[in-house]
*Asks:* 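The following block contains the structure, expressed as structure tokens.
Excluded from the calculations below are hydrogen atoms, water molecules and symmetry mates; all remaining heavy atoms, backbone and side chain alike, are included.
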Amino acid sequence: METPEKFPRISRRVLLKWFATATTAMTMGDMASISFGFTPTPGKEVPKGYGQDPDLSQYYNPGDFWPLTLTPEQRKTVTALADLILPEDHLGPAASAVRVPDFIDEWVSAPYPDQMDDAKVVIPGLKWLEDESKKRFKKDFSSLNEKQKRAICDDICWPPDAKPEFKQAANFFSRFRNIAVGAYYGTPEGWKAIGYEGNVPLMSFDGPPQEVLDKLGVTQTVK
Amino acid sequence: MPIITSDQVQPEYDVAIVGSGAGGGQMAYTLTQAGFKCVMLESGRSYNPDTETAMFQRNDQGPLGSVSTPEKMFGFWDATVNGGWSVPGEPYTQASNKEEEQFWWWRARMMGGRTNHWGRISLRNGEYDFKPYSRDGLGFDWPIGYKDVKDYYTKVEMLIGVYGTNEGLENTPDSPKGVLLPAPKGRAAELYSQKHGKKLGIPIIPIHRAVLTKTLDADNIPKKLHPKNKRAQKILAEAMRGRAACFWATPCGRGCNIRANYQSTTVHLPPALATGNLDIIPDAHVREVLIGKDGKATGVLFINKKNRSEGRVKAKIVVLAASSGETVRIMLNTKNAQSPNGLANSSGLVGKYIMDTVGASVGGHVPALENLPPHNEDGAGGSHFYAPWWLYKEQHAGKLNFARGYHIEMGGSRGMPGGRNPVPSDFVKGAYGTKFKEEARRYYGSFVGYSCRGEMIPNEGSFAEIDPTVKDDYGVPVLRWHWKWSDHELNMAVHAAQTFSALIEAMGGTVRSKKVKTGHDIIEPGGKIIHEVGGALMGADPKKSVCNKWNQTWDVKNLFLCDGTPFPSNADKNPTLTIMALAWRAADHIIEEARKGNI
């Protein structure tokens, strides 16, 4: 890959994202305590993307704010890998059925530092995956059967366990998985898969159901 | 009278109000109900929460899964317009290159300012909070006490609607019976924290937030708030009937188009406009206060951001409520023969002693919360529980190495996913395929986090001044920031980290944040909590303060500062409710003094 990154650096960065996720989930409403995956530069001009005053009264699709840049070949690889990570099963549809590849294209084409940093790993990573696929099986990644796909991905799915020659590819896999699952769980199908039941208006908020209280050994203290 | 452009300005007003947020909104509300003709200037654009609020948009319906970006720091659907720690065309500078000496200044260039996205946490300062110097010899006492503000807290709570409970805890004032709206039920992680907090002596109780958990009593509250003013009663009753109760969905930070939570644009400004006594000029970037020969304020000078022309409004009284940083900037940019160092600055203290809140967070994973049966925990769009500061006695006995308190904010809900990986990679390791999906479902909702919101003591090293060379795109000289934490804040952050770790462990969980050796490892940058107050402190001595106890500047009798600027201390209680209470109190004073012919 052209953009070598040592694992420890990734590790810190991934760590930041864990915090971002955990803290975002925990602080709905308290706007001050969110962590970011990037370092803000207070008082300085920020990169231009959708601007600081986008129209919030509507919905958007990938490609609405900046052009999508993946080639059709890259999209094929993206789709195959995303569907391997998030297949159709008892928990819901496959990634490609809920437009995860579009989202990944939007992400790696975005003008912000965090996403540009990911693109520097993901784009060469896609190429590595194709090269490796041809090397091992003489086929495009998307044409491999599941067993063949897994043979490659098992070597790169977790950076700490990856052999030295697979470290960079493993960094790619980690980032790709983060982006793909971030997209997947933002959809109604993803909500169902993970067990999120909100975003619907209710007449009253009754707190957790009794079986949850029982499981935790707590009682509702607000009457 | 309505939202106008700068060429529609009336020849003269009773009061010019700079800023449309919590302080400006309250000031406009109270004064216009009393018949004062007011003009409000807002540096940002006009904003209509009825049509512009993203209420049910999912994360997959915004770009990048709606994650935060440098242009929308709190995510795509956050209410903030043209705002953040960077604002287009409006830079600020830092005196130091060291990160820990820099201040992050958050602004929102929109009608209603930061009230459109704030956390709605509405806590009263207690008796101790007005007399900190008397208790520990640090910082400054306020020239007023809790008894002077108590009734105004009540009035504001009745006007905006605040949920919570009365718990009778030390320095954590109760509201009069019937004022608070019902507290929402505890969520799973909140109840679990509460149970285990008890073991550590941490009192986890319902928080107070400005969200309507039921509709306001429009038949009775207006009569109580405006006993002798039938017209105000009618206007307010109508405004209250236009606000729905929370329907338990969508985060408050997006704003609320059913008006269930407080934001200036849905609660203060509509009834103020309904009086016919208020003109609002958006895109009016105030550069300086106009001063007459007698040294009194005669109005303000602003740049019309649409065409960069200068405009003026004339007024008998000027109220600055533009945020600590912006109010200080306007005062220091107002220079003339009588006040070469800036307006109302004979003390030399304008810009000094700016404070933020001490922020520090620790996250953890709690196995007991794994695999819970799915259920809806959106709730009131923000926290339901918190822990007020609980170690007053230990602190007073000298057992702690910091002088002031912090409260604990907490979370751990099954919030709306999307955008980021919902599970930390070290939990799922190399999982992919159905295995990953099963792991995601198992761990979702099992992560908790606790945040310290603590009192910063004002110090000589934290202040703002005018940068000698840099101007914004409108030609207005910008602020240069200085920042310093003292050991009190740094030690508090360490204490908070240790407390949160102990709490997570008491819940059978594991701490997921790095180990903390010094406060610098964990304390958030100055300004990141967005509780900036101070810069023109109120006091009893004109030589040692900028304002008197009525938010009125000593030097310029018809100039009032009604944002956080006059705060002599920044209790852990989150400043917004106090800003509103003091603004209402100052407005009553203005009404009274004007009647007597003193202003």
*Asks:* Examine the side chains of Tyr112(A) and Glu71(B) and answer whether a donor and an acceptor come within less than 3.5 Å of each other.
*Replies:* yes
*Asks:* As a test of understanding, state which of Leu81(A), Val181(A), Leu84(A), Leu86(A) forms a side chain to side chain contact (heavy atoms under 4.5 Å, CB included) with Tyr432(B).
*Replies:*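 Exactly one candidate clears the test, Leu84(A).
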*Asks:* Show every donor-acceptor pair shorter than 3.5 Å between a side-chain atom in residues 185-195 of chain A and any protein atom, with sequence neighbours excluded, or say none if there are none.
*Replies:*
residue   : atom : partner   : partner atom : Å
Thr187(A) : OG1  : Tyr184(A) : O            : 2.7
Thr187(A) : OG1  : Gly190(A) : N            : 2.9
Trp191(A) : NE1  : Tyr185(A) : O            : 3.4

*Asks:* Please indicate whether Glu197(A) has more than 12 foreign heavy atoms, meaning atoms of other residues, nucleotides or ligands, lying under 6.0 Å from its CD.
*Replies:* yes
*Asks:* When you measure from the side chain of Arg177(A) to the backbone N and O of Ala431(B), does any donor-acceptor pair fall under 3.5 Å?
*Replies:* yes
*Asks:* Using only atom types and a distance under 3.5 Å, with no angle test, would you say the side chain of Lys195(B) pairs donor to acceptor with the backbone of Gly217(A)?
*Replies:*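 Pair found, side chain donor or acceptor close to backbone of Gly217(A).
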*Asks:* State, without any angle test, whether Tyr60(A) and Asp60(B) hold a side-chain donor-acceptor pair at a distance under 3.5 Å.
*Replies:*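 There is no such pair between these side chains.
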*Asks:* Any salt bridge (Lys or Arg N to Asp or Glu O under 4.0 Å) pairs touching residues 51-64 of chain A, not counting sequence neighbours?
*Replies:* Asp53(A)-Arg45(B)
*Asks:* Determine the minimum heavy-atom distance between Lys215(A) and Asn371(B), stating which atoms define it.
*Replies:*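 Nearest pair, atom of Lys215(A) first, then Asn371(B): NZ-O, 3.2 Å.
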*Asks:* If we ignore angles and hydrogens, is there a donor and acceptor under 3.5 Å between the side chains of Thr221(A) and Gln194(B)?
*Replies:* yes
*Asks:* Using a cut-off of under 4.5 Å for heavy-atom pairs, which of Thr219(A), Val200(A), Asp83(A) has the most such pairs with chain B?
*Replies:* Val200(A)
*Asks:* Do Lys429(B) and Cys157(A) make a side-chain contact, defined as non-hydrogen atoms from C-beta onward lying under 4.5 Å apart?
*Replies:* no
*Asks:* Go through Arg187(B) and Asp206(A) one step at a time and tell me if the salt bridge (charged side-chain N to carboxylate O under 4.0 Å, His left out) criterion holds.
*Replies:* CA-CA 9 Å; Arg187(B) 302 183 179 98; Asp206(A) 301 328; over 6 Å; no
